[in-house]
There are 2 protein chains.
Amino acid sequence: VELISSTNNRRVVEAAKLHRSRERRDTGRTLLEGPHNVAEALAGGAEVQALFTLDAGSEVAQDAALAGVDVFEVAPVVLAKVAATEHPRGPVAVLAVPPSPPLARRDTVVLVDVADPGNVGTVIRSAAAFGFQVALVGSAADPWAPKVLRAAAGGHFRVPVCVLAGPDDLVRAGLRMTALVPSPEANPGALNRRWPTALLVGSEAHGLPAVLVGACDSVVTLPMPGGVESLNVAVAASIAMYERLRLTS
Amino acid sequence: VELISSTNNRRVVEAAKLHRSRERRDTGRTLLEGPHNVAEALAGGAEVQALFTLDAGSEVAQDAALAGVDVFEVAPVVLAKVAATEHPRGPVAVLAVPPSPPLARRDTVVLVDVADPGNVGTVIRSAAAFGFQVALVGSAADPWAPKVLRAAAGGHFRVPVCVLAGPDDLVRAGLRMTALVPSPEANPGALNRRWPTALLVGSEAHGLPAVLVGACDSVVTLPMPGGVESLNVAVAASIAMYERLRLTS
């Protein structure tokens, strides 16, 4: 364990640059914050390259050191520089972004153009709870951005998170496609299919593109007796996963 | 319709002060942004006191003018001053916060110490979709804060949002209390009760206080085969509402 008190330390400066998406893309690294998330990353075998902590004696810091991670005990001002939250308690880890895994032939939630990092992270968290693979298509948020990792609460290290070139990848993987759309006619029972299914949800602003809905094998609408046009996209995707699991297990 | 080009205009300065929670509390007013949300507020009979818009000819601005609202067509720099979002398209409305309505004896989702405005708003949005009353207890976020209104997408104007002095109010209103908690033993079927039910969910960090869980008539856990300890609180509350509706309708 090395002590760092200066915000000008090379490792600190390099880590702090990862707040910028361009730097994350260029280096293939990202930042992960909080003891629970870091513990999940270590348990999931993720490549943690450095850990900045206020307390090198904490359980997560000791686990990281045992796993061969470079652990740095830092002053609060240093932690504040690498953390994204306002009053950070740490630790903050530098994580190597893994390559996108191949799509497996199993139930998958597919985020099409979902732009809000909180929504993407929340869906990954729910997918981990319900055992779904996650895929992202189009202009969806970078799933390894720090805000997404925070909202996912460790979900990235429990289920595959795949970035696709396009929806054709789903067909090639042998998945049937189901579009989740708001409509006056509810039919949640259509989630009861025996085939491995890709459950597509669209962007906050525009929903799913009509062409893509037309290409799906089935179209599902959740019942909303209150007459509201839509749920939050992360809520809708989570309820659909829950309902499919209930109907098929 | 009055034109405003200066950010020093009295109505603009007064509205911009409402970004501060203290000013909202002192004046009983808040800010509401976006054409959908403002249209929902007008349709729901909310007291809209002023509307700042880039385009007084837009549908929502004309509806507001017809409803007797003071409509101001403003320069982009003025809109930016009253808006909370980064690239505002408007409109922004000044809204009188209504008094907390009395609790009705009907199915209710209860947020206990839920602090994140996005989570509170998302639950209000789901409650509107599923026809649940909303109640807030303890240190929950102010339900009329602009961030909550944004995430709720008009839900405030479709279902009652009640701020309670404490959980005793639920018992006094004749509601049975059900605690939603993570646990290894799933029992979603326990949501199938004929009595009007208050469905309690706890804070992001600490869940429900044990004393409050002990005071509930029943305790419910959603199935999470992935073995993750918890879902996002807004997702969990929404799935529980969905499941109760499914079981009882």
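Letters go in sequence order (proteins before strands), and every chain restarts at 1.
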- Taking atom CZ of A:Arg246 as the centre, report whether more than 12 heavy atoms of other residues, nucleotides or ligands fall under 6.0 Å from it. yes
- Is there a donor-acceptor contact under 3.5 Å linking the side chains of A:Ser139 and A:Asp113? yes
- Under 4.5 Å to a heavy atom of chain B? For A:Glu40 that would be neither
- Task: Could you tell me which portion of A:Thr122 (side chain, backbone, both or neither) has an atom closer than 4.5 angstrom to a non-hydrogen atom of chain B?
- Result: side chain
- Query: Which one, B:Val235, B:Ile239, B:Leu245, leads in non-hydrogen pairs under 4.5 Å with chain A?
  - Reply: B:Ile239
- Item | chain B contact via A:Phe130 - side chain, backbone, both or neither, heavy atoms under 4.5 Å | both
- Item | Option from B:Val110, B:Leu103, B:Val161 for which side chain to side chain contact (heavy atoms under 4.5 Å, CB included) with B:Gln133 holds | B:Leu103
- Heaviest contributor of heavy-atom pairs below 4.5 Å to chain B, chosen from A:Gly118, A:Ser126, A:Gly131, A:Ala237, is A:Ser126
- Item | Nearest-0.5 Å distance, CG of residue B:Leu42 to CZ of residue B:Phe157 | 9.0 Å
- Task: Examine distances only and state if a side-chain atom of A:Thr197 and a backbone atom of A:Leu199 form a donor-acceptor pair shorter than 3.5 Å.
- Result: no
